[in-house]
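Encoded as structure tokens, the structure appears first; notes follow it.
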Amino acid sequence: MSNFECAYIPVGVPTFHLESAQREFEKSVKMLSSICDNLKSPDEMLLSTDKLNKFLQKINPDLVIVQNITFANSAYISEILKRFDCPVILWTLREPVIDGGRLRLNSLTGAFSAGNALKNLGRNFEYVFGSPDENNVIKAIRSVIAAARLKKDMKSLTFLQIGHTPQGFGFGRATDIEILKTFGVTLNSIESRELIDIANSFSDDDIKEYLERADNQINGLEKIPEKNRNDFAKLYRAYSEYCKNNSIGALSSRCWPDFFTAFGTPVCAVLAMLNDMNIAAACEADTYGGLSMYIGQYLTGKPTFFGDPVSMDESENTITFWHCGTAACSLARTDTGACADIHCNRKIGPTLDFGCKAYSEATVLRIGKKADGSFRLFITSGEVLDKPKQFSGTSLVFRTNNNVYNIISNAVLDGWEPHFAVAYGNIAKGLKAFANMIGIEVCEY
């Protein structure tokens, strides 16, 4: 992650109840300092545009948190927007006392002034209402900080696109200009044969370390024919070293038919190992699927599951997501662990074979494209259930918070792609904030 600077900007005027404002100021600094490790905050409340401008000269923020510590007119937010083109949180304080007497802060009216200016200047922003000691306020601000970090760090992400999508899978293709323009990501592209050639250059002695590492993570790998085990380890080394040498943070890889026909061993288990190395790795050359995985991994700190929605159970309100065997070993159920097997269709191994472990909060997401070429973000929330493997390969059973039949029906009718990422964590707020920051449509189901 790059160095991320968050600026707290408490604005107002001195004609309200400053003792109440000071208490909120001190609580706000304390709370924000606890959730942002590089917080820039003033020594005092900024109760004039002169004081505001002096503070603005000292900062170079990646996110500004503009709080109406009391009422402030739109001149304050206008000064901030003239200087910085970064994400904005507009924060309204709750009125501390309602007793029929003096209005202490009038923060909410100030928020309307600022919001009006932001909207008329064409700036997207996030909005938070409440006091600094309220849990919903802390969670909301934490989510936006994470989204703003993601937005900044994606400018440093190099994504590797390995080979072309198979016929009929064109939804996953990306161009370097479109992914740079919308997400700030650098896209590199190579052919799958380049990594196959690197893998073929290794001797069996060259890959002992990689085979041992895989043996420690995958149960039953020794049952796979020796040639396929060694070829897997050669691919594992080729992919790992290429990613390390070229600073690759995420990738999408062509898989069938090349790795079955031209190499004789699938790449599935290699992608699984990369996912456990925090290199988000999608199969079938689905670049936007891989980017979705990266976003989920970034916001949760855990590997994400990549798969097709293959089954629905209305009685349980669940969707089963499945793929041939590329899920990170760390996602496997503890009673089985990550197991090796052969590919369900091609009958060549190794692939991964297990059901995924349960988790109380999870989020399904997908960066997709509409018919006009513009981007949109699919989001639905729920949990991962404690279920055994559903089909040969890796599978995950996701119980949705909303009606599953409606989600599936509307997603099909709305033309979503057939690959989704499942993130282990409730990241819907952060995803919506991120989409707002980069200007793409949110579709929450």
Side-chain angles (χ1 to χ4, degrees), residues 160 162-164 166 190-244 251-277 279 281-286 290 303 305-308 322-333 336-356 389-395:
L160 180 64
I162 303 168
H164 299 290
I190 62 172
E191 296 299 330
S192 53
R193 61 174 169 75
E194 294 182 48
L195 287 167
I196 289 175
D197 289 346
I198 294 171
N200 281 327
S201 72
F202 298 134
S203 69
D204 290 351
D205 287 337
D206 292 334
I207 46 88
K208 286 182 178 179
E209 174 190 344
Y210 290 84
L211 197 54
E212 289 172 3
R213 195 182 305 166
D215 271 325
N216 290 331
Q217 292 181 255
I218 304 173
N219 298 325
L221 190 60
E222 72 281 357
K223 298 177 183 178
I224 301 297
E226 182 180 12
K227 180 182 186 306
N228 294 116
R229 285 202 314 273
N230 288 340
D231 284 349
F232 149 71
K234 291 174 182 179
L235 276 181
Y236 179 18
R237 177 172 177 177
Y239 272 68
S240 299
E241 291 186 347
Y242 191 96
C243 289
K244 181 180 179 181
L251 61 84
S252 61
S253 179
R254 186 173 174 92
C255 45
W256 61 271
D258 306 46
F259 286 91
F260 297 101
T261 57
F263 188 67
T265 297
V267 74
C268 308
V270 173
L271 303 184
M273 301 300 287
L274 293 175
N275 279 310
D276 263 327
M277 294 164 57
I279 299 171
C283 58
E284 295 179 324
D286 182 359
F305 183 89
F306 174 81
D308 307 337
W322 164 92
H323 226 275
C324 310
T326 63
C329 298
S330 60
L331 296 182
R333 293 169 55 88
T336 63
C339 300
D341 206 341
I342 59 174
H343 191 274
C344 53
N345 295 327
R346 304 280 178 152
K347 307 305 180 186
I348 304 173
T351 64
L352 273 293
D353 190 65
F354 58 80
C356 288
K389 181 186 71 170
Q390 303 291 288
F391 306 99
S392 297
T394 47
S395 62

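Being a predicted model, the structure only gives us computed values, none of them experimental.
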Those residues that, when tested against E241, pass side-chain hydrogen bond (donor to acceptor under 3.5 Å, both in side chains) (two or more places apart):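 R237.
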Any residue meeting side-chain hydrogen bond (donor to acceptor under 3.5 Å, both in side chains) with N200, in chain and number order, not counting sequence neighbours: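 side-chain hydrogen bond (donor to acceptor under 3.5 Å, both in side chains) check on N200 returns nothing, list empty.
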Side-chain contact test, heavy atoms from C-beta onward, threshold under 4.5 Å: evaluate it for [X] versus [Y] and give yes or no.
| X | Y | value |
| --- | --- | --- |
| L271 | F306 | no |
| S253 | Y239 | yes |
| F259 | P257 | no |
| I190 | L195 | yes |
| L251 | C243 | yes |
| Q217 | M273 | yes |
| R333 | C356 | no |
| T394 | W322 | no |

Between [X] and [Y], which heavy-atom pair has the shortest distance, and what is it?
| X | Y | result |
| --- | --- | --- |
| C255 | C283 | SG-CB, 4.0 Å |
| A328 | P303 | CB-CB, 3.7 Å |
| T265 | G349 | CG2-O, 3.7 Å |
| R254 | S192 | CD-OG, 4.4 Å |

Atom [atom1] of [X] and atom [atom2] of [Y]: how far apart are they, to the nearest 0.5 Å?
| X | Y | atom1 | atom2 | answer |
| --- | --- | --- | --- | --- |
| L221 | C339 | CG | SG | 11.0 Å |
| K244 | I279 | NZ | CD1 | 10.5 Å |
| D206 | L211 | CG | CG | 12.5 Å |
| D258 | H164 | CG | NE2 | 10.0 Å |
| C324 | D353 | SG | CG | 11.0 Å |

Qualifying residues under ring-ring contact (aromatic ring centres under 6.0 Å, His included), relative to F260, sequence neighbours excluded: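 Expected list: H343.
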S330 side chain to D276 side chain, donor-acceptor N/O pair below 3.5 angstrom: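 Note: S330 and D276 side chains meet the donor-acceptor criterion.
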Pair R213 + E209: basic N to acidic O under 4.0 Å: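 A salt bridge is present here (some side-chain N lies under 4.0 Å from a carboxylate O).
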Residue pairs involving residues 339-351 (criterion salt bridge (Lys or Arg N to Asp or Glu O under 4.0 Å); sequence neighbours excluded):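 Every pair satisfying salt bridge (Lys or Arg N to Asp or Glu O under 4.0 Å) with a residue in residues 339-351: there are none.
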Listed partners of A338 passing side-chain contact (heavy atoms from CB on, under 4.5 Å), at least two apart: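 A338 satisfies side-chain contact (heavy atoms from CB on, under 4.5 Å) with C329, A332, L352, F354 only.
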Please report, to 0.1 Å, the donor-acceptor pairs under 3.5 Å made by any side chain of residues 229-236, with sequence neighbours excluded.
| from | atom 1 | to | atom 2 | distance (Å) |
| --- | --- | --- | --- | --- |
| R229 | NH1 | E222 | O | 3.1 |
| R229 | NH1 | I224 | O | 2.6 |
| D231 | OD2 | K227 | NZ | 2.6 |
| K234 | NZ | F202 | O | 3.4 |
| K234 | NZ | D204 | OD1 | 3.4 |

Backbone of P350 reached by a side-chain donor or acceptor of N228 within 3.5 Å: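 Pair absent, no side-chain N/O of N228 close to backbone of P350.
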